[in-house]
Novice: 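Take a look at the following structure, please.
Since we're looking at a predicted model, the values are computed, not measured.
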Amino acid sequence: MKRLSIALLALASFAQAEDFPQFRGVGGRGVSKETNLPLKWDETTNVRWKMPLPGRGLSAPVVSKGRVYVTAATGPEQKRLHVLCFDVKTGDRLWERQFWATGGTQCHPKTNMAAPTPIADGQRVYALFATADLVCLDHDGNLEWYRSLVGDYPTVGNNVGMASSPILIPGSVLVHMENVGESFAVAIDRVTGQNTWRIPRPNLINWNTPHLFQNGDKSEVVLATPNGLTAHDPLTGKELWRHTKSRPATMASMTSADGVLYSPGDVLAAVQPTGENVEPKVLWTSKNLPSGYSSPTVVGDFIFTCNNGGIVTCGDAKTGEKHWSQRAQGNTFSGSPLVADNKLFVLAEDGTTTVFEIAKEKKILTVNAVSTGDAKDAFMAGMVAADGAFFLRSDKYLYCVSERK
């Protein structure tokens, strides 16, 4: 009986663990179901492991089936593209694969070619780079297929740097390419690497990431451009509805909760889609919930935003009413906030994490910091929570933070 109890306890603990398979985790919402995560850490406390990375990256790590995947770019012109895989528990580097860029590498100094966050679906990892190179590898790092989207569509280009991350949709990987050249959204079959469908998009420079929205019992792919939102059938690409009453951001990405889409932009707009060919209902708009590079996060009745200066704002997700604002500690902020273990975690580029209580009244629970000792190093990606740990990546290192037993 004792052995059975121990086995059931272990099984329950395993069942509580959740992968973090893509940009902003399950559903692209920046909310993790992980519990019993560390509240405090520094370079010598609760850092399970710290592994060097070969080069820069804005991409967040993703976690699937006990493995952590991350991308990087190296070389004077960032033409060498890296996909790396680490063991969640030990930090051992299980494999690394390198590829040569086929697209242009010119970009703003703030970004780099490893800007999009990869995807892991339990069987494969899909890594998109800002060069428009898309790589599919299996669990053990074997190449399954490779797409040079610049080779397929030669006018694709963005001299500031592309950063939209791919997302998982039924049976496919969705890639959103809006730039000064040929612009499109394309669903690529996960197994074959061939196009399932492709639709044209506006020729506008845009960096935000698409969102798979659950509209009742149907899934919809929602794309944002400065002209508005469009929703599409994930199996065919057919347009389902269009929203043009707000101007979405080109950097911060949308999120959703309880049948409502939250779209940052000139205002933060809460819109509720209803039916096909019907303009969604605008529930509220607010100029008091500003985002910068980072995307909003919704949990329960609260919505959180963070601007580039680290001003975290909490609002009412139902009405848009502002509850409070508080500056997080650190220098500048690029990564999106993370909700995990019923707390809000905001990571600054210098490695400082401010932990907020999720409540109507503002309260900072603690401030943690890790530093590589290099003033040029930066934590540009948002935090990830999976398998009882946090994962943070800088340009130089990948960290795993968890309670030490």
Novice: With rounding to the nearest 0.5 Å, note down the distance linking CE in Met113 to OG1 in Thr71.
Specialist: 11.5 Å

Novice: Is it the case that the side chain of Ser334 and the backbone of Met380 share a donor-acceptor pair, with hydrogens and angles ignored and the cut-off at 3.5 Å?
Specialist: no

Novice: What do the steps show when you test Leu392 against Thr353 for side-chain contact (heavy atoms from CB on, under 4.5 Å), and what is the final call?
Specialist: CA-CA 10 Å; Leu392 297 74; Thr353 301; 4.3 Å; yes

Novice: Answer yes if the side chains of Asn227 and Arg242 hold a donor-acceptor pair under 3.5 Å, and no otherwise.
Specialist: no

Novice: Between Asp350 and Thr352, do the side chains contain a donor N or O and an acceptor N or O under 3.5 Å apart?
Specialist: yes

Novice: Sequence neighbours left out, what passes ring pair (Phe, Tyr, Trp, His ring centres under 6.0 Å) with Phe86? Give chain and number order.
Specialist: none

Novice: Is the gap between the ring centers of Phe345 and Phe390 under 6.0 Å?
Specialist: yes

Novice: Evaluate the criterion side-chain hydrogen bond (donor to acceptor under 3.5 Å, both in side chains) for residue pair Thr44 and Asp42; output intermediate values, then yes/no.
Specialist: CA-CA 5 Å; Thr44 59; Asp42 57 34; 3.2 Å; yes

Novice: Using a 3.5 Å distance criterion without hydrogens, assess whether the side chain of Trp324 forms a donor-acceptor pair with backbone atoms of Ala359.
Specialist: yes

Novice: Once you round to the nearest 0.5 Å, how far does CE of Met254 lie from OG of Ser295?
Specialist: 9.5 Å

Novice: Donor-acceptor pair, distance only, cut-off 3.5 Å: does the side chain of Trp197 make one with the backbone of Pro234?
Specialist: yes

Novice: Would you give the length of the straight line joining atom OG of Ser394 to atom CG of Leu53, rounded to the nearest 0.5 angstrom?
Specialist: 6.5 Å

Novice: If I take atom CG from residue Asn215 and atom CD from residue Gln272, how far apart are they, to the nearest 0.5 angstrom?
Specialist: 8.5 Å

Novice: How long is the gap from CG on Leu128 to SG on Cys136, to the nearest 0.5 Å?
Specialist: 12.5 Å

Novice: Quick one: do the Ser59 and Arg393 side chains pair a donor with an acceptor below 3.5 Å?
Specialist: yes

Novice: Go through it in stages, so that I can follow the logic: the residues are Ser183 and Met177, the test is side-chain contact (heavy atoms from CB on, under 4.5 Å), and I'd like the CA-CA distance, side-chain angles, deciding distance and then a yes or no.
Specialist: CA-CA 5 Å; Ser183 297; Met177 289 277 176; 5.8 Å; no

Novice: What are the two closest non-hydrogen atoms of Glu178 and Thr225, and how far apart are they?
Specialist: OE1-OG1, 3.0 Å

Novice: Per the salt bridge (Lys or Arg N to Asp or Glu O under 4.0 Å) rule, which among Asp140, Asp387, Asp92 passes with Arg67?
Specialist: Asp140

Novice: Is it true that, when you exclude Gln329 itself, more than 12 heavy atoms of the residues, nucleotides or ligands shown sit nearer than 6.0 Å to its CD?
Specialist: no

Novice: Answer yes or no: is there a donor N or O on one side and an acceptor on the other, between the side chain of Trp49 and the main chain of Val88, under 3.5 Å?
Specialist: yes

Novice: What are the two closest non-hydrogen atoms of Trp284 and Lys318, and how far apart are they?
Specialist: CD1-O, 3.2 Å

Novice: So if I apply the side-chain hydrogen bond (donor to acceptor under 3.5 Å, both in side chains) rule between Thr74 and each of Lys79, His82, Gln98, which one comes out positive?
Specialist: His82

Novice: For Thr332 and Glu349, does a side-chain donor sit closer than 3.5 Å to a side-chain acceptor?
Specialist: yes

Novice: Compare every heavy atom of Cys306 with every heavy atom of Ser294, then report the nearest pair and how far apart it is.
Specialist: OG-O, 2.6 Å

Novice: Is it true that Lys218 and Glu276 make a salt bridge, defined as a side-chain N closer than 4.0 Å to a carboxylate O?
Specialist: no

Novice: Just verifying a value: how many Å separate Ser165 OG and Tyr126 OH, rounded to the nearest 0.5 Å?
Specialist: 15.5 Å

